[in-house]
Amino acid sequence: MIGTVFRSEDVPADDRFDHWREMVGRMRSPSDIISSHTTDFWAEFRLMELGPVTVWPTSFLPTRYRRSQRMVRQSDPELYHLSLLLDGELTLDHAGRNGAFGAFDLHLADSSQPYDLRPADDLRPAPVRGVGVDFPKSLLPLPPHRVGELLGRGIPGREGIAALLTDFLLGLERQADTLSPADAPRLGTVVLDLVSAVLGQALDAEAALPPETRQETLARRITAFIRQNLHDPELTPPVIAAAHHISVSYLHRVFQQHTRGETVAAWIRARRLEGAHRDLADRSLRTTPVHVIATRWGYPRASDFTRAFRTAYGAPPTEYRQEALADRDQHGNGA
């Protein structure tokens, strides 16, 4: 498991808001934290320390976070705070800008400058939900004066590279209980690479990013594209390369660096067979013909599917399905 979990209901009711204020103050730049819901306060978060990067999915009743110039002078951890808003509406006054943000917007703040982040409706008792990402400013491979252009501005989190970052952050939260602390530094590197690419794209300054960051981001765009198109039997390296405006040879080089030697074709085949393997053992799909499942995973010819499946799993798909479903029926396992 990665991260520690906080739930306000684990704290006496009278102490919940003060406890929340103290914990957020330790995690992020010190600020005044104000809420109209102090008597019935509710909040949850998971704190994931991924090397120098901190990711914390959180939900809380509407709360205002105000960092003054005096607070900046007293204590500055030299951090960038990137926030992905999932539910609720927030307004941010920062770096001379005023921005309003809704679901799946990203916004960036600098601990070295005052800010005022507040809910659009402080009295509405619906929780605000989002994911915070905090990291040292020195680790962002972009010129500080260019990053300053993004402070207080919204970045759509469902478009382009930002969608990859959004999916990765949500996946971290979903998989946190199954991940090992040994995974944390590598995951932090991935988060920082994606954040750098998102901000670089927003500035149209991707060329300023290190080659490693650009390649890692490209590889993740490629694997996301492949997963979305596994059903297409025409999904081939030339098609993938053309979709990303790169040569086939560069595609192979970037991909094998990302997968530690696995080829594009082998990775596609493995993902297709994994999907078919899972569907064949799914009791809710037991009446779906094998050839339909095969076609769904990019195998329009039954003979090709049978041969590939037998090679991967040691049995033809029909035989595997019978045994898997019989075993699940016998042991009462869900689909």
Side-chain angles (χ1 to χ4, degrees), residues 161 163-165 167-168 170-172 174-175 178-180 183 186-187 189-190 193-194 212 214-328 333-335:
I161 299 173
L164 293 180
L165 174 62
D167 289 345
F168 191 81
L170 295 178
L172 272 180
R174 287 193 300 267
Q175 300 297 324
T178 65
L179 295 168
S180 163
D183 299 322
R186 173 60 180 159
L187 294 170
T189 299
V190 174
D193 282 345
L194 287 172
E212 303 82 21
R214 295 201 302 273
Q215 285 194 5
E216 180 70 18
T217 303
L218 175 60
R220 293 190 173 278
R221 290 169 65 184
I222 290 168
T223 55
F225 176 84
I226 291 173
R227 288 186 184 279
Q228 291 168 2
N229 292 279
L230 285 172
H231 64 281
D232 184 358
E234 301 301 320
L235 183 67
T236 61
V239 170
I240 297 166
H244 293 84
H245 311 291
I246 58 177
S247 68
V248 174
S249 61
Y250 188 62
L251 167 68
H252 286 306
R253 184 162 71 250
V254 169
F255 197 85
Q256 290 188 26
Q257 288 175 350
H258 179 69
T259 60
R260 299 183 181 180
E262 192 171 16
T263 66
V264 177
W267 200 85
I268 292 173
R269 183 170 56 251
R271 301 294 84 73
R272 282 174 168 164
L273 290 171
E274 286 172 1
H277 184 264
R278 183 172 58 251
D279 284 357
L280 289 170
D282 188 335
R283 289 193 299 184
S284 69
L285 299 175
R286 68 192 314 159
T287 60
T288 303
V290 171
H291 71 87
V292 173
I293 290 176
T295 301
R296 177 184 297 168
W297 291 103
Y299 284 98
R301 294 179 56 183
S303 58
D304 291 343
F305 176 61
T306 298
R307 183 168 54 254
F309 193 92
R310 186 199 295 270
T311 300
Y313 297 106
T318 300
E319 180 181 324
Y320 164 75
R321 177 186 234 180
Q322 291 171 347
E323 293 178 355
L325 293 178
D327 182 68
R328 292 194 173 217
N333 295 330

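None of the values given here were measured: they were computed from a predicted structure.
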Looking at [atom1] of [X] and [atom2] of [Y], how far apart are the two atoms once the value is rounded to the nearest 0.5 Å?
{"X": "Gln322", "Y": "Asp327", "atom1": "CD", "atom2": "CG", "result": "13.5 Å"}
{"X": "Asp232", "Y": "Ile226", "atom1": "CG", "atom2": "CD1", "result": "12.0 Å"}
{"X": "Leu170", "Y": "Leu165", "atom1": "CG", "atom2": "CG", "result": "9.0 Å"}
{"X": "Gln256", "Y": "Thr263", "atom1": "CD", "atom2": "OG1", "result": "6.5 Å"}

Would you say that [X] contacts [Y] through its side chain, given a criterion of any heavy-atom pair below 4.5 Å between the two side chains?
{"X": "Val290", "Y": "Arg321", "value": "yes"}
{"X": "Glu234", "Y": "Asn229", "value": "no"}
{"X": "Thr295", "Y": "Phe305", "value": "no"}
{"X": "Tyr313", "Y": "Leu280", "value": "no"}
{"X": "Asp279", "Y": "Arg296", "value": "yes"}
{"X": "Gln257", "Y": "Glu216", "value": "no"}
{"X": "Val264", "Y": "Ile222", "value": "no"}
{"X": "Thr189", "Y": "Arg186", "value": "yes"}

Do you know which two heavy atoms are closest between [X] and [Y], and how far apart they sit?
{"X": "Ala308", "Y": "Tyr299", "answer": "CB-OH, 3.8 Å"}
{"X": "Glu262", "Y": "Phe255", "answer": "O-CD2, 3.5 Å"}
{"X": "Val248", "Y": "Pro238", "answer": "CG2-CA, 3.8 Å"}
{"X": "Phe309", "Y": "Ala315", "answer": "CD2-O, 3.2 Å"}
{"X": "Pro316", "Y": "Thr306", "answer": "CB-CG2, 4.2 Å"}
{"X": "Asp167", "Y": "Arg174", "answer": "O-NH2, 4.5 Å"}

Query raised in the report: Among Leu285, Val292, Thr287, whose side-chain contact (heavy atoms from CB on, under 4.5 Å) with Pro289 holds?
Result: Val292
Query raised in the report: So, His277 and Tyr320: side-chain donor and acceptor under 3.5 Å apart, yes or no?
Result: yes
Requested in this report: Could you give me the CA-CA distance, side-chain angles and deciding distance for Leu172 and Leu179, then say whether side chain to side chain contact (heavy atoms under 4.5 Å, CB included) is met?
Outcome: CA-CA 9 Å; Leu172 272 180; Leu179 295 168; 4.0 Å; yes
Query raised in the report: When Glu274 is tested against each of Arg272, Arg271, Arg278 for side chain to side chain donor-acceptor pair (under 3.5 Å), which residue passes?
Result: Arg271
Requested in this report: Evaluate side chain to side chain contact (heavy atoms under 4.5 Å, CB included) for Arg220 paired with Val190, printing each intermediate quantity in order.
Outcome: CA-CA 10 Å; Arg220 293 190 173 278; Val190 174; 3.3 Å; yes
Requested in this report: Could you check Leu251 against His244 for side chain to side chain contact (heavy atoms under 4.5 Å, CB included), going step by step and ending with a plain yes or no?
Outcome: CA-CA 9 Å; Leu251 167 68; His244 293 84; over 6 Å; no
